[in-house]
Peer 1: 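Here you go, one structure.
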4 protein chains.
Amino acid sequence: MNTSDQGTGGTPAPKRKDARRNQRTLLEAAAAAFVDAGVEAPVRDIAARAGVGMGTIYRHFPTRADLIIAVYRHQVDACAEAGPALLASSPTPYAALEEWIGLFTDFLVTKHGLAAVLQPDHPQFETLHASFLDRLVPVCDQLLDAAADHGEIRPGYAGIELMRGVGNLCIGAGTDPRYDARRMVALLVAGLRRPAGNSAPAGR
Amino acid sequence: MNTSDQGTGGTPAPKRKDARRNQRTLLEAAAAAFVDAGVEAPVRDIAARAGVGMGTIYRHFPTRADLIIAVYRHQVDACAEAGPALLASSPTPYAALEEWIGLFTDFLVTKHGLAAVLQPDHPQFETLHASFLDRLVPVCDQLLDAAADHGEIRPGYAGIELMRGVGNLCIGAGTDPRYDARRMVALLVAGLRRPAGNSAPAGR
Amino acid sequence: MNTSDQGTGGTPAPKRKDARRNQRTLLEAAAAAFVDAGVEAPVRDIAARAGVGMGTIYRHFPTRADLIIAVYRHQVDACAEAGPALLASSPTPYAALEEWIGLFTDFLVTKHGLAAVLQPDHPQFETLHASFLDRLVPVCDQLLDAAADHGEIRPGYAGIELMRGVGNLCIGAGTDPRYDARRMVALLVAGLRRPAGNSAPAGR
Amino acid sequence: MNTSDQGTGGTPAPKRKDARRNQRTLLEAAAAAFVDAGVEAPVRDIAARAGVGMGTIYRHFPTRADLIIAVYRHQVDACAEAGPALLASSPTPYAALEEWIGLFTDFLVTKHGLAAVLQPDHPQFETLHASFLDRLVPVCDQLLDAAADHGEIRPGYAGIELMRGVGNLCIGAGTDPRYDARRMVALLVAGLRRPAGNSAPAGR
DNA sequence: GATGAATGAGGGTTCATTCAT
DNA sequence: GATGAATGAACCCTCATTCAT
C-alpha cells in the first residue's frame, strides 16, 4: 500500500512541497468554511480563509465535489477502516453495527451540512455521492450480513439504503434542539432487529 | 357556511372569480415547479408556468413561505384529519400509527422537495416549519401516546422528533432507485416497538 | 368669480355630488401621503388612504402632475391672492415682499417634498412647474417691481428666478436640524437690497 | 510619497494596472451617467457606459455612496484646497468668500445632479453627506469667520447652512434658461453683507 | 503556478399603469 | 363609474467561473 493518495480516487497529491502545503491549507480552510456555512460556502470565502486566490482552489479542485470529497476523505477512510475492527472486537455483530453506525452518525452530525450533500439533487453531486458511498457501503453491507447471519436482524436490508437513511436523518442536526439525530438513528437501527414474534414492518 | 378556503388560516380566498381561478392556477404551477426544482424554484419560473406575471404571485403570496404553505395546505389538512379516524378504525393504536405515518410518508415522497423545507436552516422557514408541524405534531403525539398507553411501543418519543425523522428520511426519495424511503420509514417505526426482552436502543 | 373650480386650469369639478366628495377625499389622502412620503408616494398608498381603488385616482387625475397640482391648488391660490393684499397693507413694498416670500416659504417648507417637484428634471413635471409658477410669478414680479420702483432693491431680478431660488432653498427643509430654510431665504431676499454704497453682487 | 490615491481616504487604488485603468474608466462613465440621469443612475447603465460588467462596479465601489464620493473626490479636494489660498491672495476676506463660493457653485452647476445628493433623504446618503460636507464646511467656516472678524458680514452664519443653501440653489441648474443658479448664489452671499444701517434680515 | 479582476447569468422585489369585472 | 387584479419593465445584488497579469 503506497502512501500517495490514490486509493478510492480523488485528486492526486502534487509533487512540489509548497504545493502540497498549499493543498493542506486549502482543505483546512474549506473544512472550516463548511462548518460555518455548509458545503455550499462561496468559493471566495474559502479562498480568503486559506489566504490564496480563487484560482488556486480551482486548480487543485476543479469542481466543488472534488473539494468536498477531499475535505472529508480522511474521516471517511477512518470510518471505513473502523468497520472490520469493530466486527472483530464487539461481542456480537449487531453490537458492532450499532457502534459503527454511531461513528458514521457522529461524523455526519459534527460536519454540519455534509449530510445534505448526499442528496442526489444536483447532478454534480453524483460524483460525490458515489465517492462517499462506494467507500462505506461495502463496510455496512459486511456488518449487516454478519448480523443477519447471526440471526440478530432481519435479512434483506442493503447497506446503501441504511447509509442513505442514516445520512438523511442527520440532515439539519444541531439546528433544532428538539430533534436529536442520534436518537432517530438508534431507532432506525433498532428497527432492524428481528421482531419478537409477529408484525414485521411491511415496507410496502 | 360557505366552501371558501377559511379553515385553519392562511391566505384568504380572493373575491373576484378570475382571481380565484388564478390563485388555483398558481398553486398548481407552484406545485409542479416545486416537484421539478424544489421549493426554492425561481418566482419567475413559477409565474411562467402559471402563465401569469410575477406580480400576481407576490399579490397572492407575499412571501415564499406563504406560497409553500398554501401549496401543501390541503394535503396537510387531510393528513391531520386522518389521524383520529385511523385511531378509531384500526385494530390497535400501533397499527393506526403505522398507517398514519404511511400516509404522511406518501405525502412527502410524492411531493419531492417538500421534505427539505422542514429544515430550520433558513430563517424565513420558521413560519413554514411551524405551519406544517403545528398541524401534524399533535396528531402524531396522540397516536404515539395511545400506542404507548397500549404497551405497544416504548414511551418517551415525541411527535416532533418522529415527524422530523420521517421527513428527513423522505428527502430525495424517488431520485435513487436503490433508496426506498418507505422502507426506511417503516424501519424507523418498527424501532419504536417495545423490544421482546432485552437490548433497548440507547439513543444516547 | 364663479365657484366652479375653473380658474387657472386643472381638473374640472365633476358633476355628481358623490364624485365631488370622492375627489375631496382623494385630495386629502394625497396630501397626507405627500407629507409622509413625498410627492412621489406610490399610487397604491394614496388610493388605500382614500379608501378607493387606484383606478379612481387615474380617472380623476390622469397624471401625477394633475394630482399634485390639485392638491396644492388652494394654497397656491391663497398665496397668489395674498400678494396684492400685502402690498396694500405693508409700510413699504420691500416689507410686503419679505412677508410674501415668507408665506411662500412656509407653504413649501410645511409641504414636505413639494419643493423638489419644482425641479424640471422629469419631463412630466413641466406641466406642474408651469402650473405653479404661472400663478405666482406675476405676483412676485409685481412685488419686485414695486420695491425696485421704490428704490428699496436693486432692479433687474425676475420673479421667476427668485421663486425658483426660494423653492430650491426649501428642498429638504426639516430633514436636517442644522439647516433652516427660512434663514437662507431671508438671506436671499436681503441680498436684493440696494447696497449702501459699493460692491454690488455681480451675478456673473 | 507615491502619487496613488491615498489622500483623504476613500477607495484605495487597486494594485493591478488594468484594474486601475478600469477604475478610472468607471469613474468617467459614472460621472457621465450622473450628468444624464442623476446620481441614482442604474448600475447597469453605468457599467454599460464603461464597457464593464456590473460586478466590476460592485468590486470597486461596494455601495453607491462610495461611487458618488469617488466621482467627485478630486473636485471636492480642489475646492477645499482653494479656500486658504483665496484667503491669502484676496484683497479682503469677503472677496475670498465670494470667490470661493463661486468655485463651489461652478462645481455643483457643472455636475448636474450632484446637488440633489446633499439631501439627507435617503439613509445611505448620510455617509455621502458627511463625506462631502466634512471636507468643505470647515473651509467655509474659516472664510465666514474671517469675513465676520473683518466686519464685512454679519456674524452668526454657519458654514453648513451656507453650503446647503448654495447646494440647493444649484439644483436643476442648466435645465431652465430663466434660472441662473450663479445669480441666485451671488444674491445669497450678498445677503450676508452687513447692512448699511437698519433692517437686518429676520431669519425667524 | 498563483492571483484576483472581470464577467454576467440568475434570482429577488417594487410599482406605475392597464383593463376585466 | 369604481375596483383592484394582473402585467412586466426596471432595479438591485450575489457569486461561480474564466483568464489576463
Side-chain angles (χ1 to χ4, degrees), chain A residues 14-16 18-19 22-23 26 37 40-48 50-60 62-64 124, chain B residues 14-23 25-26 37 40-48 50-60 62-64 124, chain C residues 14-16 18-19 22-23 26 37 40-48 50-60 62-64 124, chain D residues 14-23 25-26 37 40-48 50-60 62-64 124:
Chain A
K15 305 288 149 40
R16 276 167 43 184
D18 62 334
N22 219 325
Q23 203 174 56
L26 224 46
E40 301 276 31
V43 178
R44 214 188 300 286
D45 292 0
I46 301 172
V52 304
M54 294 171 307
T56 306
I57 293 188
Y58 280 98
R59 165 169 304 274
H60 288 299
T63 76
R64 183 171 288 266
Q124 164 172 71
Chain B
K15 307 272 162 47
R16 268 165 54 176
K17 204 187 308 171
D18 60 336
R20 216 155 48 232
R21 179 166 31 76
N22 227 321
Q23 199 175 61
T25 313
L26 222 47
E40 300 278 30
V43 178
R44 266 185 189 73
D45 293 359
I46 300 173
V52 304
M54 293 171 313
T56 305
I57 294 188
Y58 282 101
R59 162 178 296 275
H60 288 294
T63 74
R64 184 171 289 268
Q124 164 172 66
Chain C
K15 305 289 149 42
R16 276 167 44 185
D18 62 333
N22 219 325
Q23 203 175 56
L26 222 47
E40 301 277 31
V43 177
R44 213 188 302 284
D45 292 1
I46 301 172
V52 303
M54 294 171 308
T56 306
I57 294 188
Y58 279 98
R59 165 170 305 275
H60 289 298
T63 77
R64 182 172 290 264
Q124 164 172 71
Chain D
K15 308 272 162 48
R16 270 164 55 175
K17 203 187 308 171
D18 59 337
R20 216 155 48 232
R21 180 165 29 77
N22 226 319
Q23 200 175 58
T25 313
L26 223 46
E40 300 277 32
V43 177
R44 261 189 191 71
D45 292 359
I46 301 173
V52 303
M54 293 172 313
T56 305
I57 294 189
Y58 282 101
R59 163 178 294 276
H60 289 294
T63 75
R64 184 171 289 269
Q124 163 173 69

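All heavy atoms count here, side chains included; hydrogens, waters and symmetry mates do not. Sequence lines set the chain letters: A, B, ... in the order given, protein chains first and strands last, and positions in each chain run from 1.
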Peer 1: H60(D) side chain N/O closer than 4.0 Å to the phosphate oxygens (OP1, OP2) of dA6(E)?
Peer 2: yes
Peer 1: Answer yes or no: does a side-chain N or O of N22(B) lie under 4.0 Å from OP1 or OP2 of dA6(F)?
Peer 2: yes
Peer 1: Mapping G51(D) and G53(A) onto DNA chain E by nearest heavy atom, which one lands closer to the 5' end?
Peer 2: G53(A)
Peer 1: Less than 4.5 Å apart, side chain to side chain, heavy atoms only: is that true for V52(B) and T25(B)?
Peer 2: no
Peer 1: Starting from C1' on dT7(F), measure out to CG on L26(B) and report it in whole angstrom.
Peer 2: 13 Å
Peer 1: Kindly write out the residues that satisfy side chain to side chain contact (heavy atoms under 4.5 Å, CB included) with R44(D), not counting sequence neighbours, or none if the list is empty.
Peer 2: M54(D)
Peer 1: Please enumerate all protein N or O atoms sitting under 3.5 Å from an N or O of nucleotides 12-15 of chain F, with distances to 0.1 Å.
Peer 2:
residue	atom	partner	partner atom	Å
dC12(F)	OP1	R64(D)	NH2	2.7
dC12(F)	OP2	V43(D)	N	3.0
dC12(F)	N4	R44(D)	NH1	3.2
dC12(F)	N4	R44(D)	NH2	2.9
dC13(F)	OP2	Y58(D)	OH	2.7

Peer 1: Minimum heavy-atom separation for H60(A) to Q23(A), with atom names?
Peer 2: ND1-NE2, 3.6 Å
Peer 1: Of all residues at least two apart in sequence or in a different chain, which pass the side chain to side chain donor-acceptor pair (under 3.5 Å) check with D18(D)?
Peer 2: R16(D)
Peer 1: Return the value, rounded to whole Å, for the distance between atom CG of D45(C) and atom P of dG4(F).
Peer 2: 15 Å
Peer 1: Where each residue is assigned the nucleotide of DNA chain F containing its nearest heavy atom, which of V52(C) and D18(D) is assigned the position nearer the 5′ end?
Peer 2: V52(C)
Peer 1: Which whole-number value in Å describes the distance from R59(B) CZ to dT13(E) P?
Peer 2: 17 Å
Peer 1: Which dot-bracket notation, 5' to 3', represents the base pairing of DNA chain F when pairs are defined as Watson-Crick or G-U with both distances under 3.5 Å, crossing pairs as [ ], and inter-strand pairs as |?
Peer 2: .||||||||||||||||||||
Peer 1: When rounded to the nearest 0.5 angstrom, what is the spacing between CD1 in I57(A) and CG in L26(A)?
Peer 2: 4.5 Å
Peer 1: Report yes if a side-chain nitrogen or oxygen of T56(D) is closer than 4.0 Å to either non-bridging phosphate oxygen (OP1 or OP2) of dA5(E); otherwise report no.
Peer 2: no
